[in-house]
Asker: 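After the structure tokens below, expect a handful of questions from me.
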Amino acid sequence: MQLLQDKIRTCGKVYPGNILKVDSFLNHQIDAELMLELGKEIARLYADERVTKVLTIEASGIAIAVMAAAQMRVPMLFAKKNHTKNLCDDVYRTTVTSFTHGVDYDVRVAKSFLHPNDRVLIVDDFLANGAALLGLADLVRQAGATLVGAAIAVEKGFQDGGAKVRAQGIRVESLAIVEEMNEDGIRFR
Ligand code: 5GP
């Protein structure tokens, strides 16, 4: 998606450890108009899939996911990372290894919000090693729901997450795929 590639080129910053910082429009301050365009594109890509729910993970996937869900006129559900009193005990739970922080953490969704008749689209900001996406896919599987695929804003094509997830037969649509990035710049696939 040209709009997203242009934004990454102008505002993204490459950090050591293969981290692309997009704090100015995606991960901290949010460019709401850009998110709306990403949401429209995701809705277009999955228009024929009769999606009933968009699922993401707390926190940075929420902005894109909510825009996609609004376009598709379905609810957006985000898996919670923190153990909160607001979440009942009747949950689906899985463990995810964080790429950016290098630690394992549990994510949960209430069973009451994910059903066997749901057709779920997973949305996230980044795809790196695939742990977040596969964790969300595991929650969908536990619920007995159908996973129609995933939509990712930025796939880092030089890491193995994309190949790993697609090898499981999961459809992955990435709006921008970074082929290579270093201090000299960013090259897209
Ligand atoms: P994965 O689980 O695929 O290894 O990593 C995906 C998660 O890690 C995303 O939800 C995202 O929050 C974070 N992440 C991975 N790579 C990057 C990156 O280069 N920049 C930022 N800002 N977040 C990343």
Side-chain angles (χ1 to χ4, degrees), residues 1 4-32 34-35 38-39 42 54-69 76-82 92-109 120-141 147 149-189:
M1 193 182 176
L4 179 59
Q5 289 190 8
D6 292 346
K7 190 75 175 182
I8 294 169
R9 272 214 181 84
T10 47
C11 301
K13 293 197 178 75
V14 180
Y15 275 51
N18 281 333
I19 299 283
L20 177 62
K21 272 261 186 195
V22 288
D23 280 19
S24 65
F25 64 96
L26 188 61
N27 283 157
H28 191 18
Q29 174 172 259
I30 289 174
D31 181 336
L34 177 64
M35 295 305 110
L38 302 190
I42 291 168
V54 171
L55 176 66
T56 191
I57 193 164
E58 195 177 15
S60 26
I62 290 176
I64 309 166
V66 81
M67 293 298 186
M76 188 282 281
L77 175 67
F78 64 94
K80 297 212 178 202
K81 284 183 183 168
N82 301 313
Y92 299 114
R93 174 197 313 258
T94 196
T95 303
V96 170
T97 303
S98 161
F99 172 77
T100 36
H101 301 106
V103 292
D104 285 355
Y105 58 92
D106 266 6
V107 294
R108 307 169 180 80
V109 293
V120 180
L121 172 64
I122 293 174
V123 171
D124 205 2
D125 59 342
F126 274 91
L127 174 56
N129 294 328
L133 211 166
L134 290 174
L136 291 172
D138 183 38
L139 296 175
V140 175
R141 187 194 52 74
L147 178 60
I152 304 293
V154 188
E155 176 177 343
K156 294 191 288 180
F158 52 87
Q159 292 181 242
D160 67 354
K164 219 159 41 186
V165 175
R166 290 181 179 98
Q168 293 201 9
I170 299 172
R171 175 182 171 192
V172 181
E173 300 283 352
S174 298
L175 304 184
I177 303 183
V178 176
E179 192 70 88
E180 195 181 3
M181 61 182 201
N182 52 42
E183 56 283 2
D184 298 327
I186 297 168
R187 189 163 62 79
F188 293 97
R189 188 177 293 172

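Atoms within a ligand are numbered from 1 in the order they appear, just like the ligands themselves.
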Asker: In order of chain and number, which residues sit within 4.0 Å of ligand 1 by heavy atom?
Answerer: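 Residues within 4.0 Å of ligand 1: N18, I19, L20, N27, S60, F99, T100, D124, D125, F126, L127, A128, N129, G130, A131, A132, K156.
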Asker: What donor-acceptor contacts under 3.5 angstrom involve side-chain atoms of residues 13-26, with partners at least two apart or in another chain?
Answerer:
from : atom 1 : to  : atom 2 : distance (Å)
K21  : NZ     : D23 : OD2    : 3.4

Asker: So do F78 and V66 actually touch side chain to side chain, heavy atoms under 4.5 Å?
Answerer: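 A side-chain contact is absent here, since even the closest heavy-atom pair is not under 4.5 Å.
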Asker: How would you list, by chain and number, every residue that makes a side-chain contact (heavy atoms from CB on, under 4.5 Å) with D124, sequence neighbours excluded?
Answerer: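 With sequence neighbours excluded, D124 shows a side-chain contact (heavy atoms from CB on, under 4.5 Å) to T56, I57, A132, I152, given in chain and number order.
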Asker: Less than 4.5 Å apart, side chain to side chain, heavy atoms only: is that true for Q5 and I186?
Answerer: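 SC-SC contact between Q5 and I186 ruled out.
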Asker: Identify, with sequence neighbours excluded, every residue that meets side-chain contact (heavy atoms from CB on, under 4.5 Å) alongside I177.
Answerer: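 Checked I177 against side-chain contact (heavy atoms from CB on, under 4.5 Å); matches are E155, S174, R189.
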Asker: For residues N129 and T97, determine if any side-chain heavy atom of one lies less than 4.5 Å from a side-chain heavy atom of the other.
Answerer: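 Side-chain contact under 4.5 Å: no.
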